[in-house]
Amino acid sequence: AQSVSQHNHHVILSEAASLELGCNYSYGGTVNLFWYVQYPGQHLQLLLKYFSGDPLVKGIKGFEAEFIKSKFSFNLRKPSVQWSDTAEYFCAVNALGFGNEKLTFGTGTRLTIIP
Amino acid sequence: ETGVTQSPTHLIKTRGQQVTLRCSSQSGHNTVSWYQQALGQGPQFIFQYYREEENGRGNFPPRFSGLQFPNYSSELNVNALELDDSALYLCASSLAGRGSNTEAFFGQGTRHTVV
């Protein structure tokens, strides 16, 4: 079965700092990869996704992520964070070939941006 | 807004009771998935419905059951409630064939407390 690890449980940064959140998954086959964000009191929103092609994907709000297949990683990055980026971030994987679009999520990283 | 609506938004039940949660999928979507998000955890896959049939199930006991209706809306039923069932329950809809690349859109969830 697939699993997802997010090693940073809580990250605190000042505004304008650069961000990198780690995500590793375990599954030997083909995967789709996602980053979701959950702002306080709001629903899960998709930040970006990787299905195939260019391993560097750009998402909304200036976020990007790089898929490194050899490292089973899909780290999220943003060059300069804003206070409004304060939220919970979840990495998720969909292992293809099981006949459904089940998402396996990591435990999440809480990001706090200090003005 | 994702177009996925869940009801109720909050719910309190007593241990041993039964609960029904509802989800209206985004227009045009044929697949609904349910997730349980315990406090401080990532969402855990409960099951998925595709064109009114169960299409995959996570590691949840049979007292968690579901339905999908011809209009693709869905219900999650939980019998014999336990205290550990207290969680945020998320519904996600997507337009999918089996095993295809797709993106899931989440509702705001039902905050369910068992006392």
Side-chain angles (χ1 to χ4, degrees), chain A residues 1-10 21-25 27 29-53 57 59-60 67 76 87-110, chain B residues 1-6 9-10 23-26 29-51 53-60 66 68 87-111:
Chain A
Q2 63 269 31
S3 64
V4 178
S5 297
Q6 292 182 246
H7 307 295
N8 313 107
H9 298 293
H10 189 192
L21 301 182
C23 172
N24 289 89
Y25 68 93
Y27 181 68
T30 303
V31 294
N32 292 336
L33 296 157
F34 306 83
W35 275 96
Y36 282 88
V37 61
Q38 192 171 36
Y39 298 103
Q42 295 190 27
H43 59 88
L44 276 170
Q45 299 177 42
L46 183 67
L47 273 180
L48 46 80
K49 62 191 176 191
Y50 172 80
F51 287 165
S52 63
V57 292
I60 61 171
F67 171 48
L76 181 71
E88 189 96 22
Y89 291 80
F90 294 95
C91 180
V93 61
N94 169 23
L96 299 182
F98 286 89
N100 63 64
E101 288 74 39
K102 162 190 169 181
L103 289 170
T104 299
F105 285 85
T107 53
T109 296
R110 184 154 60 102
Chain B
E1 293 299 322
T2 63
V4 180
T5 58
Q6 293 185 242
T9 54
H10 295 82
C23 173
S24 293
S25 58
Q26 187 166 311
H29 284 182
N30 57 12
T31 301
V32 172
S33 302
W34 286 93
Y35 293 82
Q36 181 195 67
Q37 186 178 12
L39 201 60
Q41 301 294 318
Q44 298 286 317
F45 176 74
I46 302 174
F47 44 56
Q48 181 182 91
Y49 280 84
Y50 170 67
R51 293 186 175 177
E53 293 185 3
E54 188 176 289
N55 182 37
R57 187 179 183 92
N59 189 26
F60 281 82
Q68 188 178 33
L88 179 67
Y89 287 84
L90 297 169
C91 169
S93 79
S94 57
L95 175 61
R98 292 175 190 265
S100 62
N101 291 336
T102 189
E103 174 184 332
F105 294 84
F106 284 83
Q108 283 202 288
T110 293
R111 177 72 61 187

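Values reported hereafter were calculated over all heavy atoms of this structure, with side chains retained and with hydrogens, waters and symmetry mates removed. Labels below follow one simple rule: chain letters A, B, ... track the order of the sequence lines, proteins then strands, and each chain is numbered from 1.
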Between A:Q6 and chain B, with a heavy-atom cut-off of 4.5 Å, which part of the residue counts as in contact: side chain, backbone, both or neither? neither
Go through the atoms of B:Q6 and report whether side chain, backbone, both or neither lie under 4.5 Å from a heavy atom of chain A. neither
Interface check, chain B: of A:H9, A:Q38, A:E88, most non-hydrogen pairs under 4.5 Å belong to A:Q38
CZ on A:F34 to CG on A:L44, rounded to 0.5 Å: 12.5 Å
Is B:Y35 reaching over with its side chain to a backbone N or O of B:F106, donor-acceptor style, under 3.5 angstrom? no
Enclosure of B:L39 CG (heavy-atom neighbours >12, cutoff 6.0 Å): no
At a heavy-atom distance under 4.5 Å, which candidate from B:G109, B:G42, B:A104 has the highest pair count against chain A? B:G42
Cut-off 3.5 Å, side chains only: do B:Q41 and B:Q44 have a donor facing an acceptor? no
